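Naming convention: chains lettered A, B, ... in sequence-line order (proteins, then strands); numbering from 1 in each chain. If you're wondering where the values come from, they're calculated on a predicted model, not measured in any experiment. Below, each value reflects all heavy atoms present in this structure, side chains not excepted, and no hydrogens, waters or symmetry copies.
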Protein chains: 2
Amino acid sequence: MKGLNYQELLKKYDLKATPQRVIFLNELEKNGHLSIEELEEKIKKIIPSVSTATIYKNINAMVEKGLLSEVKLPNSKNRYEITKDSHAHFICEKCSKVEDLYIDDECLKNNIDKNIVINDIDIVIKGICEECSKKEL
Amino acid sequence: MKGLNYQELLKKYDLKATPQRVIFLNELEKNGHLSIEELEEKIKKIIPSVSTATIYKNINAMVEKGLLSEVKLPNSKNRYEITKDSHAHFICEKCSKVEDLYIDDECLKNNIDKNIVINDIDIVIKGICEECSKKEL
DNA sequence: CTCTGTGCAAAGCGTTTGCAAACGA
DNA sequence: TCGTTTGCAAACGCTTTGCACAGAG
């Protein structure tokens, strides 16, 4: 997972590579899916002087350019991830952990009877993760 | 679609049947998926004296009791619907119309390799509706 | 050098809260 | 009657904005 070149990634999306942004992306890559609050907390541990406004401005700029994707989950604040191939999300209803799930959604398309053009499918699976299942026993 | 008995529905969920709530549910049943803003607008056309606080209090109470479900869609404010059987949503990227889609999601479960317990699956299909497709030609 | 990004403080806006009066059961 | 709901206004908290300065390219 390590090894994204943030300088290049930012340049590719027409954004200047500031230290704040590099740390921003690094935290996001390390942690997967973070809320604004979590992201801010993590970034401030590294550069305590970053302002909240900068966090917001960067999230908005990166989402707008397409570098980040907003992940909307039930009973949870919006989270953000570095944009990657279309994939589903799993959220554990016990520990709130979020995981990427690469599952084939072609089969869904077959049983839609409406005459629509499908561009993308967002899937969120709610359930209990392996660790939490074990704890329940 | 018409014919829900709102008095009974409210009673079933331990909520008193006030005129505001009946109109609230009526609008929601008529329109399908409404944002807070849209709901408030529609209700105020009927009872101009309702306060915004009441709208919020009712949304929160009904979601909490399970009478309403929150629908989270990409690039869109949260919408609300009267809770019904699990179903997918379609959102048209041109006209923003939202429709219910009853599709079988069993097939998704087969190709998940992780050891998780699945409780529910949320599916949002983004695309172009039939009417908008025709207009494009 | 130029333009973008940052930090700060103030403003903005959607949502919640407290309270007294009104209302449903 | 009693507990819940309503409306109002104030409070709240998250997000955005404006501006001067700093920094990237």
Participant: Atom NZ of Lys65(B) to atom P of dT4(D): distance rounded to whole Å?
Facilitator: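 Roughly 9 Å, once rounded to whole Å.
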Participant: Is there a donor on the side chain of Lys57(A) or the base of dG7(C) sitting less than 3.5 Å from an acceptor on the other?
Facilitator: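 It does, because a donor-acceptor pair links the side chain of Lys57(A) to the base of dG7(C) below 3.5 Å.
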Participant: Under 4.0 Å between a side-chain N/O of Asn60(B) and OP1 or OP2 of dT16(C), yes or no?
Facilitator: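 Yes.
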Participant: Check whether any side-chain nitrogen or oxygen of Thr54(A) sits under 4.0 Å from OP1 or OP2 of dG7(C), and answer yes or no.
Facilitator: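 Indeed, a polar side-chain atom of Thr54(A) lies that close.
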Participant: Ile43(A) has an atom CD1; how far is it from atom C1' of dT6(C), in whole Å?
Facilitator: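 About 13 Å, once rounded to whole Å.
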Participant: Give the rounded distance in Å between these two atoms: CE of Met62(B) and C1' of dT6(D).
Facilitator: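 Spelled out: CE on Met62(B) to C1' on dT6(D) is 13 Å.
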Participant: Phosphate oxygens OP1/OP2 of dT6(D): is one of them under 4.0 Å from a side-chain N or O of Thr18(B)?
Facilitator: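 It does, given that an N or O in the side chain of Thr18(B) lies less than 4.0 Å from OP1 or OP2 of dT6(D).
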Participant: Examine Val124(B) and Tyr102(B) and state if one hydrophobic cluster contains both, with Ile, Leu, Val, Met, Phe, Trp and Tyr joined whenever side-chain heavy atoms are less than 4.5 Å apart.
Facilitator: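 Each belongs to a different hydrophobic cluster.
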Participant: For a quick check of understanding: with a heavy-atom distance under 4.0 Å over all strands, which category does Gln20(B) fall into, base, sugar-phosphate or nothing?
Facilitator: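 Sugar-phosphate: the residue Gln20(B), judged by heavy atoms under 4.0 Å, touches backbone atoms but no base.
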Participant: Without decimals, in angstroms, what is the distance between Phe24(A) CZ and dT6(C) P?
Facilitator: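 In whole Å, dT6(C) P lies 10 Å from Phe24(A) CZ.
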Participant: Any side-chain N or O of Thr52(B) under 4.0 Å from OP1/OP2 of dG14(C)?
Facilitator: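 Thr52(B) to dG14(C) OP1/OP2: no side-chain N or O under 4.0 Å.
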Participant: Do Glu27(B) and Lys30(B) sit within salt-bridge range, that is, some charged N less than 4.0 Å from a carboxylate O?
Facilitator: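 Answer for the salt bridge query: yes.
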Participant: Among the nucleotides dA25(C), dC8(C), dT6(D), which one has an atom lying closest to any side-chain atom of Lys16(B)?
Facilitator: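 Of all the options, the side chain of Lys16(B) is nearest to dA25(C).
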Participant: Starting at the 5' end of DNA chain C, which residue's closest nucleotide do you reach first, Leu15(B) or Lys77(B)?
Facilitator: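 Looking at the nearest nucleotide for each, Lys77(B) comes out on the 5' side.
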Participant: Report yes or no: do Met62(A) and Ile55(A) belong to one cluster of Ile/Leu/Val/Met/Phe/Trp/Tyr joined by side chain heavy-atom distances under 4.5 Å?
Facilitator: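 Result: yes, single cluster for both.
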Participant: Using whole Å, what does the distance between atom P of nucleotide dG14(C) and atom CG of Leu39(B) come to?
Facilitator: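 Value for this atom pair: 16 Å.
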Participant: With a 4.0 Å cut-off on heavy atoms, is Ala61(B) in touch with a base, just the backbone sugar-phosphate, or nothing at all?
Facilitator: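 Ala61(B): no heavy atom of the nucleic acid under 4.0 Å.
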Participant: Can you measure Leu10(B) atom CG to dT4(D) atom P for me and round it to whole angstrom units?
Facilitator: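 It works out to 15 Å between those atoms.
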Participant: Taking atom CG of Asn110(A) as the centre, report whether more than 12 heavy atoms of other residues, nucleotides or ligands fall under 6.0 Å from it.
Facilitator: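 Result for CG/Asn110(A): enclosed.
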Participant: Is a side-chain donor-acceptor pair under 3.5 Å present for His33(B) with Asp100(B)?
Facilitator: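 A donor-acceptor contact under 3.5 Å links the two side chains.
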Participant: Calculate the interatomic distance between Glu40(B) atom CD and dG14(C) atom C1'; express it in whole Å.
Facilitator: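 About 10 Å, once rounded to whole Å.
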Participant: For the pair made of CG in Asn58(A) and C1' in dG23(D), what is the distance, rounded to whole Å?
Facilitator: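 Atom-to-atom, Asn58(A) to dG23(D), this comes out as 14 Å.
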Participant: Between dA9(D), dT17(D), dA24(D), which nucleotide gets closest to the side-chain atoms of Ala53(B)?
Facilitator: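 Among dA9(D), dT17(D), dA24(D), the one nearest the side chain of Ala53(B) is dA9(D).
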